[in-house]
Visitor: 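Have a look at this one.
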Amino acid sequence: MRRMILWLFVFSLFLSGCQAPFSQKKDKTMTLAEREAVLFEPFSIPDNFIPQRIHVLGLGDSLTQGVGDERKEGGYFGRLTTDMEQWKGVMDVEAVNLAKRGRRSDQLLEQLEDPNVQEAIVQADYIVFTIGGNDLMKVVKGNFMKMKLSDFYKELGKFETRIDEVFEILRLYNPTAPIIVAGLYNPFSVVTDEVQEFEQIIEDWNHSIEERAQRDGTACFVPVEDLFHSNENLVYHTDFFHPNSKGYDQMENRFVEEMKSCPAVTLEVE
């Protein structure tokens, strides 16, 4: 009996020694409900994670067509779309150039009525165009011997109405694609720097184009007037009207520069 009492006493000491750590561990351990929730940041795949095929549509006049490019690289448009293939997130570029030499804004509107052109607009991820130079030259040719400032501003009013319609049609068929539109330059600076009035005309026409691009909200304006002021850098073709290859190189560089800072362009421009 004495031995049994002794064993019970030892066993009770053993149990008390084992219970202390468990009770301490229990005090230090939080229940699942008491644990602080771990918040994970929302995970999203970057737009350029999976390379994509980009459709670029060129519209407008001889500048987008690339007239004067003796290296036959497609003017600024061909250079731009070739460079885009190296940009981050781009697998390849499908370029469709529907620009044509001599095209004015009224003729561009006629072209936009073509169902095939409308389908190209729908498919485009980027729309690039130049327009307005031939509208200006129409005034020059029609009033060469008796040019007046009022003639250019009368035509500017008509041009503004037409460029508004161009943007409306492009947005009707493609509400989201960034539109990249270049300004005008003064080709007469090649032969004379005395026509100050024409510099002001170019500036005002460019302001109208830029204003409409800003109003669109998903468009970029590319100024090029300074690139073609006089011919000190030998940027003109032999016709002294269109850029040569060097001129188109500079023009394409300006497009890339402006697209880098344009919020509408979501590609990582390089």
Side-chain angles (χ1 to χ4, degrees), residues 44-66 74-135 159-183 208-222 251-252 255-256 258-260 262-269:
S44 60
I45 299 176
D47 292 337
N48 58 13
F49 182 76
I50 302 175
Q52 302 176 19
R53 174 175 286 106
I54 303 297
H55 296 79
V56 184
L57 174 63
L59 296 169
D61 54 29
S62 56
L63 292 182
T64 301
Q65 185 182 357
Y76 83 85
F77 182 81
R79 288 162 172 76
L80 177 63
T81 52
T82 297
D83 282 356
M84 290 178 74
E85 293 180 347
Q86 309 305 316
W87 294 0
K88 199 174 210 179
V90 177
M91 180 173 62
D92 59 29
V93 174
E94 183 175 324
V96 176
N97 193 344
L98 301 180
K100 185 179 179 181
R101 183 174 192 163
R103 181 168 285 146
R104 302 184 307 269
S105 57
D106 57 322
Q107 294 169 325
L108 176 57
L109 284 172
E110 292 176 6
Q111 183 190 26
L112 297 182
E113 295 177 2
D114 186 330
N116 293 324
V117 176
Q118 294 168 357
E119 180 59 28
I121 296 170
V122 171
Q123 296 298 323
D125 295 301
Y126 286 84
I127 300 170
V128 181
F129 75 91
T130 52
I131 202 70
N134 294 300
D135 295 71
F159 175 75
E160 289 174 336
T161 299
R162 291 192 289 262
I163 201 73
D164 282 339
E165 291 181 37
V166 168
F167 271 93
E168 287 174 6
I169 294 173
L170 293 177
R171 286 304 175 215
L172 174 65
Y173 293 100
N174 193 323
T176 58
I179 297 173
I180 320 297
V181 55
S208 290
I209 298 172
E210 182 177 13
E211 187 179 63
R212 275 142 186 83
Q214 292 174 344
R215 191 185 303 165
D216 175 79
T218 315
C220 317
F221 175 75
V222 181
M251 195 171 176
E252 189 261 344
F255 265 79
V256 172
E258 293 298 324
M259 290 174 72
K260 279 183 179 180
C262 180
V265 177
T266 56
L267 291 174
E268 191 168 329
V269 181

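Quick caveat: nothing in here was measured; it's all calculated off a predicted structure.
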Visitor: Rounded to the nearest 0.5 Å, what separation is found between the CG atom of D135 and the CD atom of Q107?
Guide: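 So the CG of D135 and the CD of Q107 are separated by 8.5 Å.
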Visitor: Once you round to the nearest 0.5 Å, how far does CZ of R79 lie from CD of E252?
Guide: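 Rounded to the nearest 0.5 Å, the CZ-CD separation comes to 7.5 Å.
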Visitor: For residues F159 and G132, report the shortest heavy-atom separation together with the two atoms involved.
Guide: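 In this case the closest contact between F159 and G132 is CE1-CA, 3.6 Å.
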Visitor: What is the distance from atom NZ of K100 to atom CG of L59, rounded to the nearest 0.5 Å?
Guide: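 Here the interatomic distance stands at 14.0 Å.
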Visitor: Checking E94 now: which residues fulfil side-chain contact (heavy atoms from CB on, under 4.5 Å) with it, not counting sequence neighbours?
Guide: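 E94 satisfies side-chain contact (heavy atoms from CB on, under 4.5 Å) with R53, H55 once adjacent residues are dropped.
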Visitor: Run the side chain to side chain donor-acceptor pair (under 3.5 Å) test on E119 and Q123 for me, step by step, so that the C-alpha distance in whole Å, both residues' side-chain angles and the decisive distance to 0.1 Å come before the verdict.
Guide: CA-CA 6 Å; E119 180 59 28; Q123 296 298 323; 2.8 Å; yes
Visitor: So, do W87 and V256 sit near enough that their side-chain heavy atoms are less than 4.5 Å apart?
Guide: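 Yes, their side chains come closer than 4.5 Å.
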Visitor: Among D125, L267, D83, find the residue that satisfies the side-chain contact (heavy atoms from CB on, under 4.5 Å) test when tested with V90.
Guide: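 With V90 as partner, D125, L267, D83 yield a single side-chain contact (heavy atoms from CB on, under 4.5 Å), made by L267.
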Visitor: A side-chain contact here means heavy atoms from C-beta on lying under 4.5 Å apart; do I131 and V166 qualify?
Guide: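 No, side chains not in contact.
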Visitor: Identify the heavy atoms of A219 and A264 that sit nearest to each other, and give their distance.
Guide: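 What the structure gives for the nearest pair is N-CB, 4.2 Å.
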Visitor: Taking all atoms of both residues into account, what is the closest heavy-atom pair of Q65 and R101, and its distance?
Guide: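 Closest approach of Q65 to R101: OE1-N, 2.6 Å.
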Visitor: With no hydrogens and no angle check, is any side-chain donor or acceptor of N174 less than 3.5 Å from a backbone partner on A124?
Guide: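 Judged by distance alone, yes, a pair lies under 3.5 Å.
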Visitor: Could you state the interatomic distance from CD1 (I169) to CD (Q118), rounded to the nearest 0.5 Å?
Guide: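 Spacing of CD1 (I169) from CD (Q118) equals 8.0 Å.
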Visitor: What's the shortest heavy-atom distance between L98 and A120, and which atoms?
Guide: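 What the structure gives for the nearest pair is CD1-CB, 4.4 Å.
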Visitor: Verify side chain to side chain contact (heavy atoms under 4.5 Å, CB included) between M84 and Y126, making sure each step is shown before the conclusion.
Guide: CA-CA 11 Å; M84 290 178 74; Y126 286 84; 4.3 Å; yes
Visitor: Please check if the side chain of E210 supplies one atom and the backbone of F221 the other of a donor-acceptor pair under 3.5 Å.
Guide: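 No, E210 side chain to F221 backbone: no donor-acceptor pair under 3.5 Å.
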Visitor: Run the numbers on F129 and L57 for side chain to side chain contact (heavy atoms under 4.5 Å, CB included), then give the verdict.
Guide: CA-CA 8 Å; F129 75 91; L57 174 63; over 6 Å; no
Visitor: Take C220 and E258 through the test side chain to side chain contact (heavy atoms under 4.5 Å, CB included) and record every step on the way to the result.
Guide: CA-CA 7 Å; C220 317; E258 293 298 324; 5.6 Å; no
Visitor: Go through M259 and L80 one step at a time and tell me if the side chain to side chain contact (heavy atoms under 4.5 Å, CB included) criterion holds.
Guide: CA-CA 11 Å; M259 290 174 72; L80 177 63; 4.1 Å; yes
Visitor: What are the two closest non-hydrogen atoms of R171 and T218, and how far apart are they?
Guide: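 Looking at all heavy atoms of both residues, the closest pair is NH2-O, 3.1 Å.
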Visitor: Look up atom CD in E160 and atom CD1 in I163, then write down how far apart they are to the nearest 0.5 Å.
Guide: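 Answer for the CD-CD1 pair, E160 versus I163, is 10.0 Å.
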Visitor: Answer yes or no: is there a donor N or O on one side and an acceptor on the other, between the side chain of D106 and the main chain of R162, under 3.5 Å?
Guide: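 Absent.
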Visitor: State the CZ-CG distance between R104 and D61, to the nearest 0.5 angstrom.
Guide: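 Here the rounded value is 11.5 Å.
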Visitor: Taking the side chain as every heavy atom from C-beta outward, state whether V265 and I180 have any atom pair closer than 4.5 Å.
Guide: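 Side-chain contact under 4.5 Å: yes.
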Visitor: Where do F77 and A95 come nearest, in terms of heavy atoms and distance?
Guide: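 Heavy atoms of F77 and A95 come nearest at CE2-CB, 4.0 Å.
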